[in-house]
Amino acid sequence: MIRLRFGPSPTGNLHIGTLRTALFNWLYTRSKLGKFILRIEDTDLLRSKPEYEQNIKEGLEWLGLNCDEGPEEAGDFGPYRQTDRIKEGYYKRALEELLEKKKAYYCFCTVSDLNGERESSKSAGKPYVYSRKCCALTPEDVKSRLSENIPYTLRFKMPENNSLLFKDIIRDDIKFDCTLVSDFVIMKSDGSPSYNFACVVDDKDMKITHVVRGEDHISNMPKQLAIFEALGSPAPEYAHMPMILGTDRSKLSKRHGATSVTEYRDQGFLKEAFINYLSLLGWSPNDEQEIFSLDEIISQFGLDRVSKSGAIFDIKKLTWMNGQYIRKCSPEDLFERAWPFVTDTLKSKLTTLYSAEDLVKIVNSVKDNLDTLADVSSYIEVYANTEDEYLDKLSNFEFSESDKSVILHFSDFLATSSDLNKVSVDQALDSILEKTGLGKGKVFRPLRIASSAEKSGPHVSELLAILGKEKLQNRLSGLLK
RNA sequence: GGCCCCAUCGUCUAGUGGUUAGGACACCUGGUUUUCAUCCAGGCAACGGGAGUUCGAUUCUCCCUGGGGCUACCA
């Protein structure tokens with residue numbers, strides 16, 4: 001069974017790029033009936049914050065990317081938060097193993113020592129590689145410095161073999177020159193493990209079979225592969241996905257408005273549309289279908305059709321797709337999703353004016369206008385106008401004799417009808433067209449204006465039916481005086 | 001600077017040793033529609049450059065250019 005992990009670090013909100021990584025991991029596990037594991041990589045003690053972890057979980061939860069194992073789920077390979085794993089000694093044991101095998105060593109270099117080394121490499125025009133100064137320390141040197149309480153880190157001793165080749169699922173062969181890789185820090189001076197080390201120890205312990213992550217991690221491969229080897233464990237398979245780019249084609253960051261995914265939720269994007277759009281960013285199915293149910297995406301998804309080049313996130317296409325999903329909603333479903341986006345004042349006005357049943361109709365009547373759910377208020381506002389507001393707006397319009405005759409005809413219809421609905425109103429409109437011989441524009445337009453004091457809005461028959469007999473009679477009779 | 005990755009319409013992408021290089025968004029035009037919108041039809045628009053291999057390269061190879069990533073006691 002395949003086991004994939006998503007390892008966000010809670011040093012910021014969950015943004016599109018990270019989420020897309022999570023999504024592809026999730027889709028792959030669902031398509032192969034494997035396990036999706038959430039691992040919180042919070043070894044950056046300074047920048048990690050609980051609220052970011054919360055935001056990440058909220059984003060995943062919104063989209064339904066549920067994990068099989070994680071900090072809050074049962075699992076045989078826990079704990080799933082790296083700070084908890086520190087407490088339980090997972091890294092310490094691995095560190096001791098490497099020290100024992102002479103594959104790691106104490107380093108007492110200070111930050112300024114290291115900066116000095118870097119400076120001189122730079123001025124000499126050479127690539128910087130750590131000098132291995134501390135690798136030469138004798139056990140006695142180490143012991144005495146430790147006894148003096150000099151701060152230290154632990155470094156991994158990179159193997160001497162100079163080149164490395166690995167097969168990436170998406171990119172095929174990738175090779176590196178290992179002599180260019182420093183003996184890197186695996187334990188920081190505060191005792192916490194560094195990323196490249198913790199990540200490998202966990203992938204090993206959690207029996208991860210596939211690592212699907214951003215291509216910004218490709219350059220970590222020599223380090224991570226070397227650790228796996230030193231620990232005597234086979235490495236998982238790797239798939240490095242293309243990046244999601246800002247509109248200037250650089251790595252997505254806060255300056256591009258790389259907002260938390262929860263903001264897309266709050267802006268009224270449907271989770272189905274969001275997942276559908278994101279799945280097509282860097283992956284494509286083998287036909288030209290674009291709108292997919294989740295099951296369809298899962299059944300067609302595969303790492304073999306992930307593209308290699310970076311992609312710009314296009315909010316316009318997402319918006320279009322969102323509209324497609326909105327239009328597919330049933331009236332009841334749309335109401336449930338859109339109502340929370342209605343402003344409070346509008347909500348209270350509408351609930352006093354209309355029945356629950358009519359509220360569903362109101363929202364449904366503007367379905368074709370919505371790009372996002374957040375648009376709903378501006379379109380349904382017309383239903384909530386008070387008589388004063390209506391009269392105020394009406395003063396912008398004038399009615400011709402022909403308009404008045406249309407209005408009169410409709411008033412006659414109102415007088416004889418008890419219950420207005422779309423069908424009965426449509427019939428009445430048809431008969432007015434027939435009786436007056438006027439064109440549609442000459443009939444519908446004056447009625448729209450007379451009833452709502454707006455020149456555009458929901459379909460006229462829906463608008464009239466929902467406004468209702470009483471309000472219409474009141475408004476139209478005022479006009480005909 | 002060094003190392004690594006990438007390169008098809010403005011954007012997301014499909015694709016092949018010989019195709020009218022396909023689709024979608026956006027944009028434009030027309031149609032339907034009472035209006036905005038929806039919907040429908042049509043249009044504009046791409047293989048970064050140079051060598052090489054080949055009868056033939058968008059496709060294969062190399063170089064260049066361009067873009068991106070990494071180069072931390074961040075992840």
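If you're wondering where the values come from, they're calculated on a predicted model, not measured in any experiment. In what follows, chains are A, B, ... by sequence order, proteins preceding strands, each numbered from 1.
A sub-4.0 Å separation between OP1 or OP2 of rA14(B) and a side-chain N or O of Ser284(A) is present. An OP1 or OP2 oxygen of rG15(B) is reached within less than 4.0 angstrom by a side-chain nitrogen or oxygen of Arg305(A). For Lys223(A), no side-chain nitrogen or oxygen approaches OP1 or OP2 of rA75(B) to under 4.0 Å. Checking the phosphate oxygens (OP1, OP2) of rU11(B), a side-chain nitrogen or oxygen of Arg249(A) falls inside 4.0 Å.
Counting non-hydrogen atoms under 4.0 angstrom, Arg118(A) reaches the backbone sugars and phosphates but no base. Among the heavy atoms of the strands lying under 4.0 Å from Thr43(A) are primed sugar atoms or P, OP1, OP2 only; no base atom is included. Among the heavy atoms of the strands, none lies under 4.0 Å from Ser192(A). Within the nucleic acid shown, Cys109(A) comes within 4.0 Å of at least one base atom, counting heavy atoms only.
Of the P atoms belonging to rU16(B) and rC36(B), the separation is 44 Å, rounded to the nearest Å. Rounded to a whole angstrom, the distance from the P atom of rG52(B) to that of rA14(B) is 31 Å. If you take atom P in rA37(B) and the same atom in rA26(B), they sit 12 Å apart, rounded to whole Å. Taking atom P on both nucleotides, rG49(B) is separated from rG66(B) by 15 Å, rounded to a whole Å. For the C1' atoms, the distance from rC62(B) to rC55(B) is 22 Å, rounded to whole Å. Nucleotides rG18(B) and rG31(B) place their P atoms 42 Å apart, quoted to the nearest Å. For rC47(B) and rC9(B), the P atoms lie 7 Å apart once the distance is rounded to whole Å. The gap from the P atom of rC27(B) to that of rU38(B) amounts to 10 Å, rounded to the nearest Å.
Legend: residues meeting side chain to side chain donor-acceptor pair (under 3.5 Å) with Arg132(A), ordered by chain and number and at least two apart, are Glu160(A), Asp183(A). With sequence neighbours left out, Lys435(A) forms a salt bridge (charged side-chain N to carboxylate O under 4.0 Å, His left out) with no residue at all. Qualifying salt bridge (charged side-chain N to carboxylate O under 4.0 Å, His left out) partners for Lys87(A), counting only residues two or more places apart in sequence or in other chains: Asp84(A). Under the side chain to side chain donor-acceptor pair (under 3.5 Å) criterion, Lys175(A) pairs with no residue at all, not counting sequence neighbours. For Ile150(A), the side-chain contact (heavy atoms from CB on, under 4.5 Å) partners two or more places apart in sequence, or in a different chain, are Phe108(A), Arg145(A), Glu148(A).
Using modelled atom types and a 3.5 Å distance limit, the side chains of Gln267(A) and Thr372(A) yield no donor-acceptor pair.
Of the candidates rA24(B), rA75(B), rU13(B), rA24(B) carries the atom nearest the Glu290(A) side chain, counting heavy atoms from C-beta on. Distance from the side chain of Arg47(A) is smallest for rC74(B) among the nucleotides rC74(B), rU13(B), rU11(B). Candidate nucleotides rC73(B), rG15(B), rA75(B) were compared by shortest atom distance to the side chain of Val111(A), and rC73(B) ranks first.
Of all nucleotides present, only rU65(B) satisfies the Watson-Crick or G-U wobble test against rA7(B), with each distance under 3.5 Å. For rG1(B), the paired nucleotide is rU71(B), the pair qualifying as Watson-Crick or G-U wobble because both relevant distances are below 3.5 Å.
With hydrogens and angles ignored, no donor-acceptor pair closer than 3.5 Å exists between the side chain of Thr153(A) and the base of rC73(B). At a cut-off of 3.5 angstrom, counting only N and O atoms as typed in the model, there is a donor on one side and an acceptor on the other between the side-chain of Lys317(A) and the base of rA24(B). A donor N or O paired with an acceptor N or O is found under 3.5 Å between the base of rA75(B) and the side-chain atoms of Asn220(A).
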Would you mind writing out the side-chain donor-acceptor pairs for residues 304-312 of chain A within the sub-3.5 Å range, not counting sequence neighbours?
| residue | atom | partner | partner atom | Å |
| --- | --- | --- | --- | --- |
| Arg305(A) | NE | Ser284(A) | O | 2.8 |
| Arg305(A) | NE | Pro285(A) | O | 3.4 |
| Arg305(A) | NH2 | Pro285(A) | O | 3.0 |

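Mapping Lys188(A) and Met243(A) onto RNA chain B via the closest heavy atom, the residue that lands nearer the 5' end is Met243(A).
For the pair Asp248(A) CG and rG69(B) P, the interatomic distance rounds to 9 Å; values are reported in whole Å. Taking atom CG of Leu278(A) as the reference point, atom P of rC25(B) lies 18 Å away to the nearest angstrom. Rounded to whole Å, atom P of rA14(B) lies 12 Å from atom CG of Asp304(A). The distance between atom OH of Tyr195(A) and atom P of rU71(B), rounded to the nearest whole Å, is 11 Å. Distance CD (Gln289(A)) to P (rG23(B)): 17 Å, rounded to an integer number of Å. Nucleotide rC73(B) holds its C1' atom 12 Å from the OH atom of Tyr130(A), rounded to whole Å. For the pair His240(A) NE2 and rC70(B) C1', the interatomic distance rounds to 12 Å; values are reported in whole Å. Atoms CD1 (Ile16(A)) and P (rC12(B)) sit 15 Å apart, rounded to a whole Å.
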Would you list the protein and nucleotides 30-32 of chain B atom pairs, both N or O, that sit under 3.5 Å from each other?
none

Nucleic acid footprint by protein, nucleotides 33-43 of chain B - heavy-atom cut-off 4.0 Å, B for base, S for sugar-phosphate alone
-BBBBSS----
In B/S/- notation, 5' to 3', how is nucleotides 2-9 of chain B contacted by protein heavy atoms closer than 4.0 Å?
-SSSSS--
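Formation of a donor-acceptor pair under 3.5 Å by the Tyr91(A) side chain with backbone atoms of Ser194(A) is not found in this model. At distances below 3.5 Å, at least one donor-acceptor pair connects side-chain atoms of His15(A) with backbone N or O atoms of Gly17(A).
Relative orientation of the Tyr195(A) and His217(A) rings is tilted, given thresholds of 30° and 60° on the angle between their planes.
Sorted by first and then second residue, the salt bridge (Lys or Arg N to Asp or Glu O under 4.0 Å) pairs with a member in residues 212-229 of chain A read Arg171(A)-Glu215(A), Asp216(A)-Lys251(A); sequence neighbours excluded. Applying the salt bridge (Lys or Arg N to Asp or Glu O under 4.0 Å) rule to pairs touching residues 401-413 of chain A yields nothing, sequence neighbours excluded. Screening residues 308-334 of chain A for ring-ring contact (aromatic ring centres under 6.0 Å, His included), with sequence neighbours left out, gives Tyr264(A)-Phe313(A), Tyr277(A)-Phe313(A).
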Show, in sequence, the C-alpha distance, side-chain angles and deciding distance for Phe184(A) and Tyr130(A), and conclude whether the ring pair (Phe, Tyr, Trp, His ring centres under 6.0 Å) test is met.
CA-CA 8 Å; Phe184(A) 58 102; Tyr130(A) 173 62; over 10 Å; no
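Taken from NZ in Lys157(A) to CG in Leu154(A), the straight-line distance is 13.5 Å, to the nearest 0.5 Å.
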